[in-house]
Amino acid sequence: MLRFHNFIKSYNSRKIVEIGELELSNGIYWLKGINGSGKSTLLKSICGFLHFDGEIFLNEVNLKRDGVDYRKKINFADAEPIYPEFLTGNEMIKLFLKAKSGSITKAEYYINSMDMGNYLNNPLGTYSSGMLKKLSLVLAFLGNPTLICLDEPLITIDIDSLSVLYQWIKDKHEKENTGFILSSHQPFDLSILNNVITLSLENGKLYPSS
Amino acid sequence: MTEILKKIFANGFFKMHAGALLFLFSTLIIYFFFINTFGTVPMWAVTEWNLAITLALVSSPLVLIIYFIVCLGYGFKSWQYVVKQLSIANNEFLFYSTTSFRKYIQFKSWFLVQFKIFLPLWIYTIFATVIGLIYGYYLLPICIVLFLAFLNAFIAYSYIQRINSLVHKRATTVAGSLTKKWAKPFFILFTYLVLDKMKLTFLITKIVSYLFIICISLFFTETAKEFSIGTLTIIILITAHAIIIYKEYGFNERFLYFSHNFPYSKIKMFLGPCLNYLVLLFPEILWLVTTQRFDHSSRIILLGLSILLLYRSIMYAIGNNMKRFLFWIFLIFNVLFLGFLYALTWYSVPIILIISYLIFSRNYSNEHLSD
């Protein structure tokens, strides 16, 4: 469960997002909002990237007080991932497996289901944006997260990979009770993800609605 | 097109090298106007000497050759900057937009871009040429102007060649192939970047470092092995690595940004990069270990790492801003130097470490990044 307490994220004293008190259960959330509404900022704040005022708790673990424990429980995939060009995909996966205490068996499952095996030994500088995006999604699923935040997960990847991603989300949620916050401008395929809860970010306020 | 290119490349070049140019400019100003000479120098003599220096450029072939070398060095540096900027994703649009203009229009634009980059050289060249012509020197002033115009045109032409040719992206670099099977732990990734992309910067830093070490050995032949000299050396050596620290911050915040989500404590993120620097400073550490007593060298290395961590933390507080970084480096260097004069530097190590950690801790999830 994700809980906000007097959360305020500002840039140069300009408030971007303000959430007084809010509790979100372990569901699949679709974070909606127009360009510049603060979706990425909110996700990066939740995932421990950006400084903010107030508190965020994940299963009552405080991000500011117990940052290490909190970050073990939460994973993130960026909208446009950037990684060191000299590393290979395999080296990135090893790095994340170590940091997030993930299992190689699970990693292999994700790699194979996205059909990524044939290029993971190449340096990331040679990857297309779609290949990088798929890698970032694999990395976000490694370890044992309670919550996974995916920023624009539907962009740049091909249609086949999209259905694989939907299946990953569905399985992870149903089998391991992992929560998701997905920011996207495109609607999700509700035939696979039929229990999506909408979170609307408007004028810096978050409005949950089923 | 010219205005866009000028904005991206010429303005970018001056912005990026503002610190170095400002340093050079202020050094020249201080040298010419504020240095107190031994004894009294009448005003007419100062004017005459400065005139003589300028006239030497248009009358002495040797000085002319030195000036040509300076121009070539400046030209190479600017060419390197523009080529690097052309390869970044933000400027990719230039490959499929500017190339649709006729070649002579492209040449005119790139010539003007390079002209703006060369502006300091052009101003000085024209000034020296006018002085030369007034004093009756004709051949060398014309040579200087022609040389600079040729260099300007040649570099502009090389940009056109590059932007109109098909991009050949290599799958891997030589360093990448050599280190392919090596383990790449998180806290040593910057060292791999240095091997892969920053070889020249690293080499120049090491040359500066070792030049200083040679100077110390020559000037302090009797006392070179003393602890105080080791302390002074490490302060200067770490300061000479400021550009590496600046680049490391940029690398961390751009390419290792994902690590903000790693379950690593702040103290681990604060101290972890020392691993990188122990590898990168290996030549200097080797010199210290071989010239100083063991206990002295360990203390000096610890002092070096604490100064380095302070410089790193400053980056987290101010963000990717070279001018402000140079200002802080200058300030801290002077404070450390004062500490050295009063033999307090070693005792300030715990204070430096605490201050560094506090700055890092407060600014690690910094405000300089936006979504």
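In what follows, chains carry the letters A, B, and so on, assigned in the order in which the sequence lines appear, proteins first and then strands, with residues in each chain numbered from 1. All values derive from a computational prediction rather than experimental measurement.
- Residue N121(A) touches chain B through its backbone alone, counting heavy-atom pairs closer than 4.5 Å.
- Inter-residue side-chain proximity for E91(A) and W182(B) is flagged as unmet; no heavy-atom pair is nearer than 4.5 Å.
- Within 6.0 Å of NZ on K7(B) lie no more than 12 heavy atoms contributed by other residues, nucleotides or ligands.
- In this structure, no portion of L195(B) lies under 4.5 Å from any heavy atom of chain A.
- Within a 6.0 Å radius of CD1 in I267(B), other residues, nucleotides and ligands contribute more than 12 heavy atoms.
- Taking the side chain as every heavy atom from C-beta outward, V68(A) and Y264(B) never approach each other to under 4.5 Å.
- Residue D53(A) places its CG atom among more than 12 non-hydrogen atoms of other residues, nucleotides or ligands, all under 6.0 Å distant.
- For L43(A), no part lies under 4.5 angstrom from a heavy atom of chain B.
- In this structure, CG on N261(B) lies 10.5 Å from CG on D78(A), to the nearest 0.5 angstrom.
- Within the 4.5 Å cutoff, no side-chain heavy atoms of Y364(B) are placed close to those of H51(A).
- Counting heavy atoms from C-beta on, the side chains of K197(B) and E85(A) come closer than 4.5 Å.
- Scanning both residues, L50(A) and Y257(B), for their nearest heavy atoms gives CD2-OH, 3.7 Å.
- Between D69(A) and P263(B), every side-chain heavy-atom pair lies at or beyond the 4.5 Å cut-off.
- For R71(A) (side chain) and S265(B) (main-chain N/O), no donor-acceptor pair under 3.5 Å exists by modelled atom type.
- Residues Y83(A) and F255(B) form no side-chain contact, since every pair of their non-hydrogen atoms from C-beta on lies 4.5 Å or further apart.
- At most 12 non-hydrogen atoms from other residues, nucleotides or ligands lie less than 6.0 angstrom from NZ of K94(A).
- Most heavy-atom pairs under 4.5 Å with chain B: of the set S136(A), C47(A), A79(A), A77(A), this distinction falls to C47(A).
- A 6.0 Å sphere centred on NZ of K266(B) holds more than 12 heavy atoms belonging to other residues, nucleotides or ligands.
- Two residues are said to be in side-chain contact when any heavy atoms from C-beta on lie closer than 4.5 Å; L87(A) and K184(B) meet this criterion.
- Ring pair F96(A)/F262(B) is perpendicular by interplanar angle, where above 60° counts as perpendicular and below 30° as parallel.
- Enclosure of atom CZ in F93(B) by more than 12 non-hydrogen atoms of other residues, nucleotides or ligands within 6.0 angstrom is indicated.
- Counting non-hydrogen atoms of neighbouring residues, nucleotides and ligands closer than 6.0 angstrom, the CD atom of Q167(A) exceeds 12 such neighbours.
- Inter-residue side-chain proximity for F258(B) and N75(A) is flagged as unmet; no heavy-atom pair is nearer than 4.5 Å.
- The environment of CG in D171(A) is crowded: more than 12 heavy-atom neighbours from other residues, nucleotides or ligands sit within 6.0 Å.
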